[in-house]
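Just so you know, these numbers use all the heavy atoms, side chains as well, and skip hydrogens, waters and symmetry mates.
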Amino acid sequence: MLTVLAWLCSSMLFSVNGGKLPEAEMEIDVLHRPFLCHRKTKYGDMLLVHHELYFENGTMLYTSRTDGDRHAMWFTLGIMEVLKGWDKGLQDMCSGEKRKLVVPPALAYGKEGKGKIPPESTLTFVVELLNIKNGPRSHESFQEMDLNDDWRLSMQEVSVYLRKEFERHGYPPNDTLHENMVKDIFNKEDANKDGFISSREFTYKHDEL
């Protein structure tokens with residue numbers, strides 16, 4: 001399911017004409033980058049990070065190194081598991097890299113706020129990436145999408161699944177956007193270009209995903 005949701009989130013960055021949808025702007029500063037970078041983060045990867053959280057006035061609210069259980073946090077990038085600002089700001093990042101993200105309310109906790117964070121708060125995060133792992137591909141999610149149990153996914157089956165996911169996450173229906181998302185998925189996943197995504201093509205990762 002994680003990879004399918006990563007499809008959704010990455011594809012939703014593009015509008016029906018191929019251009020990016022307008023987003024709230026955020027500031028991304030690289031505080032440290034290692035000399036050697038063997039791999040950069042992408043949607044669907046699992047990341048291990050330490051982070052600090054500051055209010056706009058510079059007051060620290062939280063640091064994972066001394067607060068809570070003092071453990072670094074694992075999460076999957078690009079599936080709305082964390083703030084939108086993190087999904088956007090931690091792409092193309094190297095293990096050992098540290099970034100400062102200045103995240104506007106629209107990409108953080110918005111009009112509602114959360115806990116000690118007031119509504120409409122601009123937040124600053126200092127995030128250090130400790131490790132990157134491949135995110136899992138789920139055999140169960142393939143079976144859920146494979147409506148006729150023929151061990152391959154048609155464009156129609158993927159389209160039906162995406163519509164359900166849109167509804168589940170509260171996004172309005174958009175037939176043209178769905179069609180473009182399906183085309184993008186098949187361009188990346190249909191390795192032999194036969195018009196179907198086989199269970200093998202779904203299971204084995206490609207570098208661009």
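Nearest heavy-atom pair across C37 and K40 is SG-CG, 3.8 Å. The shortest heavy-atom contact between K111 and P119 is O-CB, 3.0 Å. Of all heavy-atom pairs spanning K84 and A106, the tightest one is CD-O, 4.2 Å.
Atom NZ of K116 sits in a sparse spot, with 12 or fewer heavy atoms from other residues, nucleotides or ligands closer than 6.0 Å.
Separating the CG atom in D190 from the NZ atom in K183 is a distance of 14.5 Å, to the nearest 0.5 Å. Once rounded to the nearest 0.5 Å, the distance linking CZ of R152 with CE of M145 reads 15.0 Å. Considering CG of N180 and CD1 of I185, their distance stands at 11.0 Å, rounded to 0.5 Å. With rounding to the nearest 0.5 angstrom, the CG atom of L53 is 10.0 Å from the OG1 atom of T63. Atom CZ in F186 sits 10.0 Å away from atom OG in S159 (nearest 0.5 Å). Atoms OG1 and OH, on T76 and Y43 in that order, are 13.0 Å from each other to the nearest 0.5 Å.
Between N148 and E157 there is a side-chain heavy-atom pair separated by less than 4.5 Å. Contact check for T124 versus V103: no side-chain heavy atoms found under the 4.5 Å cut-off. Two residues are said to be in side-chain contact when any heavy atoms from C-beta on lie closer than 4.5 Å; C94 and L129 fail this criterion.
Checked against side-chain hydrogen bond (donor to acceptor under 3.5 Å, both in side chains), Y109 has no partners two or more places apart in sequence or in another chain. Under the rule for a ring pair (Phe, Tyr, Trp, His ring centres under 6.0 Å), H50 has no partner lying at least two apart in sequence or in another chain. Evaluation of the side chain to side chain contact (heavy atoms under 4.5 Å, CB included) rule for R39 yields K42, D45, I132, N134 as partners, not counting sequence neighbours.
Taking hydrophobic clusters as Ile, Leu, Val, Met, Phe, Trp and Tyr residues chained together by side-chain heavy-atom distances below 4.5 Å, M73 shares a cluster with L47. Transitive grouping of hydrophobic side chains (ILVMFWY, heavy atoms separated by less than 4.5 Å) brings F125 and I28 into a common cluster. By the rule that hydrophobic residues join a cluster once side-chain heavy atoms approach within less than 4.5 Å of another member, L107 and F55 end up as members of one cluster. If you chain together hydrophobic residues whose side chains sit under 4.5 Å apart, V102 and M26 never meet in one group. Transitive grouping of hydrophobic side chains (ILVMFWY, heavy atoms separated by less than 4.5 Å) keeps V160 and F196 in distinct clusters.
With 3.5 Å as the limit, one finds no donor-acceptor pair spanning the side chains of Y62 and E52.
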### Task
Please lay out, stage by stage, how V49 and L130 fare under the test side chain to side chain contact (heavy atoms under 4.5 Å, CB included).
CA-CA 5 Å; V49 303; L130 305 177; 5.9 Å; no
### Message
One pair to check against side chain to side chain contact (heavy atoms under 4.5 Å, CB included): L83 and D87. What are the steps and the verdict?
### Response
CA-CA 7 Å; L83 294 178; D87 277 340; over 6 Å; no
### Task
Decide yes or no on side chain to side chain contact (heavy atoms under 4.5 Å, CB included) for K98 and V127, but give the supporting numbers first.
CA-CA 6 Å; K98 182 182 287 188; V127 183; over 6 Å; no
### Message
V126 vs H51, test: side chain to side chain contact (heavy atoms under 4.5 Å, CB included). Steps then yes/no.
### Response
CA-CA 5 Å; V126 176; H51 70 284; over 6 Å; no
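Under the 4.0 Å criterion applied to side-chain N and carboxylate O atoms, E128 and R65 are assigned as salt-bridge partners. Under the 4.0 Å criterion applied to side-chain N and carboxylate O atoms, R99 and E97 are assigned as salt-bridge partners.
Relative ring orientation between F75 and W86 is described as tilted, the plane-to-plane angle lying within the 30° to 60° band.
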